[in-house]
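Please read all numbers here as calculations on a predicted model, not as lab measurements.
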Protein chains: 2
Amino acid sequence: MKRTKKERQQLLQETIGENPFVTDEDLAEQFGVSVQTIRLDRMELSIPELRERIKHVAKSRLTDEVRSLPIEEVIGDVIDIELDSSAISIFDVRKEHVFVRNGIARGHHLFAQANSLAVAVINDELALTERATIRFTRPVREGERVVAKAKVTEVNAKKERTKVEVKSYVEKELVFRGDFIMYRSNIRAEGEAE
Amino acid sequence: MKRTKKERQQLLQETIGENPFVTDEDLAEQFGVSVQTIRLDRMELSIPELRERIKHVAKSRLTDEVRSLPIEEVIGDVIDIELDSSAISIFDVRKEHVFVRNGIARGHHLFAQANSLAVAVINDELALTERATIRFTRPVREGERVVAKAKVTEVNAKKERTKVEVKSYVEKELVFRGDFIMYRSNIRAEGEAE
DNA sequence: CTACTGTTAGTACCTAGTCCTAATATCGGA
DNA sequence: TCCGATATTAGGACTAGGTACTAACAGTAG
């Protein structure tokens, strides 16, 4: 017996996790045990059969119309935020963000990062972009990490407008700049101190 | 016979297109024909069996890490384009495009539609957004159809810059406007007439 | 030695098909 | 009305990739 039951089951779980399309027979061969053993293992680990696994993946893909834009509420990871003052987020450019032809990041991803950061920094129930002037100062490529820094430059509660300046950098080098004029509902977000 | 063969096959194709998880038996019941008839129909239309369909969906989902943005090259559907002159695309705002809290479309989607249209309209090997001024004139909501119209306002080959003006409408009402200054490589795209 | 765990083997059954043959049904045209 | 073509249905044999269950056996611990 090369591996103990535990080791085998551990590996089994990982293997199926990586490739849900593998059959019990494949696995039996791979681990040098019988098909029945694999089935018992799956039982114990409550891993469903191949077809159910595939169905699950397929369904999650179709339900993904909801998730569709991998962009969730804020594009990039917010690493620091001070409401109505400043915020920072990072965004790693991967192959799905670039033009196939030249590997340059598509502008709307940089915009999305900056824009969502501008929305996030505003301490209000509702914040909408009303106007923006943006500049792409250097093409960004696959694999680069973009750090966006937002700064609130003007809060005018009466006018229901806030100006936010966002500068995005790759290694200290400015790659994007956006000046956003945000509309805000002027109603403090819940649970906020005066 | 309620429907002709052609009608049934047409419907069959649509039905499976909408829901790949439907079995031959389900379909047979739905159309009031035998399972065998459904199978013959699938043969003629070369639609694979249920499990293959599911597998295909599942695989495309896993491979999707690559395609990730369902948005392919252009966001929205281009319905008309005249290179270096004008282009029109439509974009249907669905629930994945809006803020959960208020149902208003997230700005970057409108920007993405406009920006990618500005890129598409340029008849060049390489086109990148260099600068843009944008205005969101009215919030767009779930269910609305946004029609973006791009117009090339200035082509200056020497300077390698092109100005594109994009106006997006919902039912004749302006909801977004963007003025893009695009960088271009100044090398004609392949297969283009002088 | 016995009890227990782990592993293997084999059977019957299931779903959602394939492929193939054969029998009907339906319809248009001479 | 009969002929032939197309359309539909039925059935049998087979497949993959299982489930559920029973039975047998090996190795180890008490």
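Checked by atom type, the side-chain pair A/Thr129/A/Asn115 shows a donor-acceptor distance below 3.5 Å. A/Glu14 and A/Gln10 share a side-chain donor-acceptor pair at under 3.5 Å. Looking only at atom types and distance, the side chain of B/Gln113 has a donor-acceptor partner in the side chain of B/Ser89 under 3.5 Å away.
Taking both residues in full, the closest heavy atoms of A/Asp24 and A/Val35 are given as CB-CG1, 3.9 Å, listed atom of the first, atom of the second, then distance. Minimum interatomic distance between A/Phe31 and A/Ile38 (heavy atoms only, all atoms of both residues): CD1-CD1, 3.9 Å.
Distance A/Lys6 NZ to C/dG6 P: 10 Å, rounded to the nearest Å. Following rounding to the nearest Å, B/Lys5 (NZ) and C/dT26 (P) show an atom-to-atom distance of 16 Å. The separation between A/Ile38 atom CD1 and D/dA20 atom P is 18 Å, rounded to whole Å. B/Ile54 places its CD1 atom 19 Å from the P atom of D/dA16, with the value rounded to the nearest Å. One atom, CD of B/Glu7, and another, C1' of D/dT8, lie 17 Å apart when rounded to the nearest Å. Straight-line distance from the CG atom of B/Asp41 to the C1' atom of D/dT8: 10 Å, rounded to whole Å. Here D/dA7 presents its P atom at 12 Å from CG of B/Leu45, a figure rounded to the nearest Å. Atom CD of B/Glu25 and atom P of D/dT9 are 14 Å apart (whole Å).
Distances from the side chain of A/Leu50 to the nucleotides C/dA16, C/dT8, D/dG17 place D/dG17 closest. Of the listed nucleotides (D/dT9, C/dG17, C/dT15), D/dT9 has the atom at the smallest distance from the side chain of B/Ser34. Among the nucleotides D/dG18, D/dT9, C/dC19, the one closest to any side-chain atom of B/Met43 is C/dC19. Proximity note for A/Arg8 (side chain, C-beta onward) versus C/dT7, D/dA7, D/dG18: the nearest is C/dT7. If you check C/dT18, D/dA16, C/dG6 against the side chain of B/Asp24, the one that comes closest is C/dT18.
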* Report, as a single string ordered 5' to 3', how protein heavy atoms within less than 4.0 Å touch nucleotides 21-30 of chain D: B base, S sugar-phosphate only, - not at all. => ----------
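Judged by closest nucleotide on DNA chain C, B/Arg51 is the one of B/Arg39 and B/Arg51 placed further toward the 5' end.
Considering B/Asp92, B/Val140, B/Ile90 as possible partners of B/Val146, the one that fulfils the side chain to side chain contact (heavy atoms under 4.5 Å, CB included) test is B/Val140.
Classification of A/Glu7 and A/Lys5 as a salt-bridged pair fails, no side-chain N sitting under 4.0 Å from a carboxylate O.
The side chain of B/Arg42 places an N or O atom within less than 4.0 Å of a non-bridging phosphate oxygen (OP1 or OP2) of C/dT18. A sub-4.0 Å separation between OP1 or OP2 of D/dT8 and a side-chain N or O of B/Thr37 is absent.
Counting non-hydrogen atoms under 4.0 angstrom, B/Val33 reaches the backbone sugars and phosphates but no base.
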